[in-house]
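Let me begin by presenting the structure, written as structure tokens, before commenting on it.
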Amino acid sequence: MISKESLIRLQQDLPPNVKLVAVSKFKPIEDILEAYNLGVKDFAENRPQELSRKMGQLPDDIRWHFIGHLQTNKIKYIIEKVTLIHSVDSLNLLKEIDKEAGKKGVKVNLLLQVYISSELTKQGLSRSELYDIVALKEQFENVKICGLMGMASFTDDSNLIKEEFSFLHSLFNDLKSNYFVENSQFSELSMGMSSDYKIALEHGSTIIRVGSLIFGERE
Ligand SMILES: *Cc1c(COP(=O)(O)O)cnc(C)c1O
């Protein structure tokens, strides 16, 4: 069972230029359908196998997003299925996605995941790794770098979360105006989850990824 009230409130709170992606990882098909029937068309998963399985059982017009750590040997299972990979966290992964996309003759939309939190467990590129990758971007002809993704620290300290999101926003603006000027597809900033999406919206988020607020806590 999903929380209809929360979902409807969330949809109403959403500025028109911001997209809601419902994070359905670990949640059953029935719950996803319930959200779908309330107008959600974008869902995110963090495991390739689960994404494939659910996709086969749900309406074709759902846009699937991938938000988890992606192992290179799993790329081939998802690149033709997903609308956006949010979690490209290494140069090697980017290279392998580009290679696989070339083999399959597809263009893959992706975001570079940046490490912004103070927690050591969260993955993502450091600032310098990010700039190193961006400097090489012309080499990758089969991917579209559509923007950045980040996860703030899991904390009650809203000032810390604000700092982390505004850091990501400033990186995004810098890349957009210095590296992607002639490239309008670099336009997405994926940040904000159930507990911090309101703060993210104040700092330039264009995509929020919300799970537990809609679907309830995960086991
Ligand atoms: C699980 C997850 C979310 C959603 O988290 P909630 O707190 O349930 O909203 C968002 N982004 C990523 C990358 C996740 O892994």
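Contact annotation: the side chain of Leu125 never approaches that of Tyr115 to less than 4.5 Å [non-hydrogen atoms, C-beta and beyond]. At a threshold of 4.5 Å between non-hydrogen side-chain atoms, the residues Ile208 and Leu14 count as touching. By the 4.5 Å heavy-atom criterion applied to side chains, Ile85 and Ile78 are counted as neighbours. Counting heavy atoms from C-beta on, the side chains of Leu160 and Ser118 come closer than 4.5 Å. A 4.5 Å side-chain heavy-atom check between Gln49 and Ser52 finds every atom pair outside the cut-off. Residues Val106 and Asn142 are not in side-chain contact: their nearest non-hydrogen atoms beyond the backbone lie 4.5 Å or more apart. Considering only heavy atoms from C-beta on, Phe66 stays 4.5 Å or farther from Leu110 through its side chain. Between Glu129 and Ser90 the shortest side-chain heavy-atom distance does not fall below 4.5 Å.
Cluster annotation: Val21 and Val88 are assigned to distinct hydrophobic clusters (Ile/Leu/Val/Met/Phe/Trp/Tyr, side-chain heavy-atom contacts under 4.5 Å, transitive). By the criterion of side-chain heavy atoms lying less than 4.5 angstrom apart, applied directly or through intervening Ile, Leu, Val, Met, Phe, Trp or Tyr residues, Ile199 is grouped together with Phe167 in one hydrophobic cluster. Under the 4.5 Å side-chain heavy-atom criterion for ILVMFWY residues, no single connected hydrophobic cluster contains both Ile67 and Ile32. Under the 4.5 Å side-chain heavy-atom criterion for grouping Ile, Leu, Val, Met, Phe, Trp and Tyr, Val23 is not connected to Leu201 through any hydrophobic cluster. Cluster annotation: Val114 is connected to Leu93 through the hydrophobic network of ILVMFWY side chains, with a link wherever side-chain heavy atoms come within less than 4.5 Å.
When all heavy atoms of Ser117 and Met151 are compared, the closest pair comes out as CB-O, 3.6 Å. Nearest heavy-atom pair across Lys27 and Phe215 is NZ-O, 3.4 Å. For Asp31 against Met1, the heavy-atom pair with the smallest separation is OD1-N, 3.1 Å. Considering all non-hydrogen atoms of both residues, Pro48 and Lys74 come closest at CG-CB, 3.7 Å. Between Tyr197 and Asp13 the shortest heavy-atom distance is OH-OD2, 3.8 Å. Heavy-atom minimum distance, Pro59 versus Leu33: CD-CD2, 4.0 Å.
Of the candidates Val134, Asn183, Val181, Leu175 forms a side-chain contact (heavy atoms from CB on, under 4.5 Å) with just one, namely Val134.
Aromatic ring orientation, Phe172 versus Phe186: parallel (interplanar angle below 30°, classes split at 30° and 60°).
Around CG of Asp156, the count of heavy atoms belonging to other residues, nucleotides or ligands within 6.0 Å does not exceed 12. Within 6.0 Å of the CD atom in Gln185, the count of heavy atoms belonging to other residues, nucleotides or ligands exceeds 12. Annotation for Gln57: atom CD counts as buried by contact number, over 12 foreign heavy atoms lying within 6.0 Å. No more than 12 heavy atoms of other residues, nucleotides or ligands lie within 6.0 Å of CZ in Phe154, so this atom counts as exposed by the packing criterion.
The distance from atom CZ of Arg47 to atom CG of Leu51, rounded to the nearest 0.5 Å, is 11.0 Å. Interatomic distance, CD1 of Ile116 versus CG of Leu171, reported as 9.0 Å (0.5 Å rounding). If you take CG on Leu136 and CG on Leu94, they are separated by 9.0 Å, rounding to the nearest 0.5 Å. Residue Ile75 holds its CD1 atom at 5.5 Å from CG of Leu70, rounded to the nearest 0.5 Å. Distance CD1/Ile79 to NZ/Lys76: 10.0 Å, rounded to 0.5 Å. To the nearest 0.5 Å, the span separating CD1 on Ile161 from OG on Ser153 amounts to 7.5 Å.
The side-chain tip of Lys137 points at the ring of Phe180 from less than 6.0 angstrom away and within 45° of straight on.
For Glu45 and Lys54, the salt-bridge test passes: some basic side-chain N is under 4.0 Å from an acidic carboxylate O. Taking 4.0 Å as the cut-off between side-chain N and carboxylate O, Lys104 and Glu100 count as a salt-bridged pair.
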(request) Check the pair Asp42 / His65 against side-chain contact (heavy atoms from CB on, under 4.5 Å), numbers first and verdict last. (result) CA-CA 7 Å; Asp42 291 87; His65 297 247; 2.7 Å; yes
(message) For a side-chain contact (heavy atoms from CB on, under 4.5 Å) check, start with the C-alpha distance between Lys4 and Leu38, then their side-chain angles and the critical distance, and finish with the verdict.
(response) CA-CA 8 Å; Lys4 267 192 190 171; Leu38 288 168; 3.6 Å; yes
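Panel note: side chain Ser87, backbone His69; no donor-acceptor pair is recorded below 3.5 Å. Of the possible donor and acceptor atoms, none in the side chain of Lys103 sits under 3.5 Å from a partner among the backbone N and O of Lys99.
Looking at Tyr36 and Asp61, their side chains do bring a donor and an acceptor atom within 3.5 Å of each other. Counting only N and O atoms by type, the side chains of Asp174 and Tyr131 include a donor and acceptor under 3.5 Å apart. Side chains of Ser190 and His86: a donor-acceptor N/O pair is present below 3.5 angstrom, by distance only. Donor-acceptor pairing under 3.5 Å is recorded for the side chains of Thr206 and Glu188.
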